[in-house]
Amino acid sequence: MEFTTRKSSGPWVGLLAGVIIFTFTLWGVGYSLGPEDMALKIMLYVPTYLFLVAYIYLIIGAFNLHYRINDEHLTIRWGLLKKSIYWQDVNEIIIVKGKANLFPFLSVQWPGYIVGLFTIKGLGPVRMYGTHVAEEFLYLKTGKGFFGLTPYDMRMADFLESKTSIPITIVDMDEIPAEVKGTSYHEDDSYKLFYRLNLILLLVYIVFMAIFYPGSGADPITVLLLVLAIPLFFFNVSNASRIIQFSESGAYMMLILGVLVTGIFLILTASEILL
């Protein structure tokens with residue numbers, strides 16, 4: 001029997017964002033750098049294309065994510081990956097309710113899509129393959145690892161229970177003591193402030209370039225500064241969300257550094273265009 005994931009626009013959001021970001025990045029590098037800058041152009045093109053290949057795989061996984069149950073095992077299908085969990089390997093079936101505190105390690109997460117390695121504070125590590133986790137999700141402890149799934153139909157847990165003869169456990173994350181569950185970086189006021197400053201400054205930068213650059217006569221290198229500012233934003237935000245579980249001050253400093261660098265890029269660009 002096949003179970004789809006909880007309905008989500010996440011794959012389309014990721015596809016649209018990827019098309020915009022990678023199209024602008026590849027165009028911007030080619031526009032900003034001439035034949036005399038071939039070495040630098042190659043240095044920027046190579047990682048961009050590598051990230052593009054990885055991103056395409058993530059998008060394929062987002063569109064092709066589902067779970068299948070037969071008489072022998074549960075199969076998780078994500079992109080080209082097919083992970084089979086045999087019934088004798090299942091140790092525990094948990095329905096997680098409430099607001100879980102997930103910290104990322106090697107993972108990707110945007111609205112409506114979550115995949116990769118996380119730690120659920122107060123519960124344990126997990127390898128997520130799903131869409132929305134805010135409502136509830138399945139947490140399977142197995143001999144092959146710990147898995148988080150977000151089926152559209154939570155009757156999937158009943159099928160697993162019937163196949164494994166393991167009773168379902170329900171864990172309400174809202175009832176776990178705060179000292180065990182910890183504080184999510186999404187609820188950390190300082191983190192939210194620095195994150196928003198990064199996002200607002202980047203958006204101001206993009207709008208400024210869209211309004212003033214055409215016909216400004218500015219050096220094409222100013223476009224390259226914006227090209228660099230965009231991956232810098234994602235790099236800082238993604239790493240700050242990982243670092244904060246070990247060092248709050250380290251995460252704050254990384255976000256502050258992002259604000260400073262983007263601000264400097266914006267000042268240099270404005271000086272080139274307006275002066």
Side-chain angles (χ1 to χ4, degrees), residues 2-25 48 50-69 74-83 94-121 123 125-140 145-157 173 184-187 191-192 195-196 198-199 202-203 206 230-231 233-242 244:
E2 186 170 300
F3 291 87
T4 59
T5 55
R6 194 167 290 127
K7 289 184 177 180
S8 167
S9 59
W12 295 104
V13 170
L15 179 61
L16 178 61
V19 168
I20 294 173
I21 292 172
F22 282 102
T23 299
F24 173 75
T25 299
T48 300
L50 289 176
F51 277 112
L52 176 59
V53 171
Y55 195 82
I56 289 173
Y57 187 84
L58 291 172
I59 295 299
I60 293 173
F63 278 103
N64 188 32
L65 176 59
H66 59 271
Y67 323 114
R68 186 185 296 274
I69 294 175
L74 160 69
T75 299
I76 302 171
R77 185 66 183 265
W78 176 69
L80 304 178
L81 173 69
K82 185 183 291 186
K83 183 74 175 179
I94 301 173
I95 296 179
V96 179
K97 296 182 177 290
K99 195 169 185 179
N101 186 6
L102 282 84
F103 277 104
F105 282 100
L106 184 60
S107 61
V108 172
Q109 182 178 10
W110 62 68
Y113 186 48
I114 179 170
V115 64
L117 300 176
F118 293 80
T119 292
I120 308 173
K121 291 289 187 175
L123 199 56
V126 64
R127 184 176 297 172
M128 295 295 307
Y129 294 100
T131 54
H132 297 289
V133 297
E135 300 171 23
E136 59 182 3
F137 63 92
L138 281 177
Y139 181 50
L140 305 180
F146 299 165
F147 299 91
L149 313 176
T150 61
Y152 176 72
D153 189 345
M154 286 302 288
R155 287 183 303 170
M156 179 177 169
M173 299 303 297
S184 169
Y185 64 91
H186 296 293
E187 300 173 349
Y191 181 93
K192 290 193 295 184
Y195 171 82
R196 287 169 182 167
N198 272 273
L199 181 59
L202 180 62
L203 293 176
I206 292 172
I230 293 174
F233 168 80
F234 289 107
F235 176 83
N236 281 338
V237 169
S238 62
N239 282 285
S241 65
R242 297 178 177 91
I244 194 171

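Remark: Ile59 CD1 to Trp12 CH2 distance equals 10.0 Å, nearest 0.5 Å. Taken from OG in Ser8 to CD1 in Ile114, the straight-line distance is 11.0 Å, to the nearest 0.5 Å. Between the OG1 atom of Thr119 and the CZ atom of Phe146 there is a distance of 11.0 Å, given to the nearest 0.5 Å. We find the CE-CG distance between Met156 and Leu74 to be 4.5 Å, quoted to the nearest 0.5 Å. Atom NE2 of His66 is separated from atom CD1 of Ile76 by 11.0 Å, given to the nearest 0.5 angstrom. Here NZ of Lys192 is found 7.5 Å from CD of Glu187. Values are rounded to the nearest 0.5 Å.
Under the 3.5 Å distance criterion, the side-chain polar atoms of Arg6 are matched with a main-chain donor or acceptor of Glu136. Within the 3.5 Å criterion, the main-chain N or O of Phe147 finds no donor-acceptor partner in the side chain of Arg127. A distance-only check finds a donor-acceptor pair linking the side chain of Tyr55 to the backbone of Gly14 [under 3.5 Å]. One N or O on the side chain of Tyr67 and one on the backbone of Thr150 form a donor-acceptor pair closer than 3.5 Å. Between the Tyr191 side chain and the Ile244 main chain, no donor and acceptor come within less than 3.5 Å of each other. Here the side chain of Arg77 pairs a donor or acceptor atom with the backbone of Gly79 at under 3.5 angstrom.
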Given Tyr129 and Lys83, is the side chain to side chain contact (heavy atoms under 4.5 Å, CB included) satisfied, shown in steps? CA-CA 11 Å; Tyr129 294 100; Lys83 183 74 175 179; 5.6 Å; no
Run Asn101 and Ile120 through side chain to side chain contact (heavy atoms under 4.5 Å, CB included) and show every step you take. CA-CA 6 Å; Asn101 186 6; Ile120 308 173; over 6 Å; no
Test Thr48 against Leu52 for side chain to side chain contact (heavy atoms under 4.5 Å, CB included), laying out the working first. CA-CA 6 Å; Thr48 300; Leu52 176 59; 5.5 Å; no
Start with the C-alpha gap between Val115 and Leu65, add the side-chain angles, then the distance that decides, and say whether side chain to side chain contact (heavy atoms under 4.5 Å, CB included) holds. CA-CA 10 Å; Val115 64; Leu65 176 59; over 6 Å; no
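Nearest heavy atoms, Met154 versus Pro151: SD-CG, 3.7 Å.
Side chains of Tyr139 and Val126 form a contact here, defined as non-hydrogen atoms less than 4.5 Å apart. In this structure the side chain of Phe24 reaches within 4.5 angstrom of the side chain of Ile230, judged on heavy atoms. Lys99 is not listed as a side-chain neighbour of His186, based on a closest heavy-atom distance of 4.5 Å or more.
Around atom CH2 of Trp110, more than 12 heavy atoms belonging to other residues, nucleotides or ligands sit under 6.0 Å away. Crowding of Phe235 atom CZ: a count of heavy atoms from other residues, nucleotides or ligands under 6.0 Å not exceeding 12. By the 6.0 Å contact criterion, OH on Tyr152 is open, its count of non-hydrogen atoms from other residues, nucleotides or ligands being 12 or less. Within 6.0 Å of atom CG in Leu106, 12 or fewer heavy atoms from other residues, nucleotides or ligands are found, so the atom counts as exposed in its surroundings.
In this pair, Tyr57 and Trp78 present their aromatic rings perpendicular. The plane angle is above 60°, beyond the 30 to 60° band.
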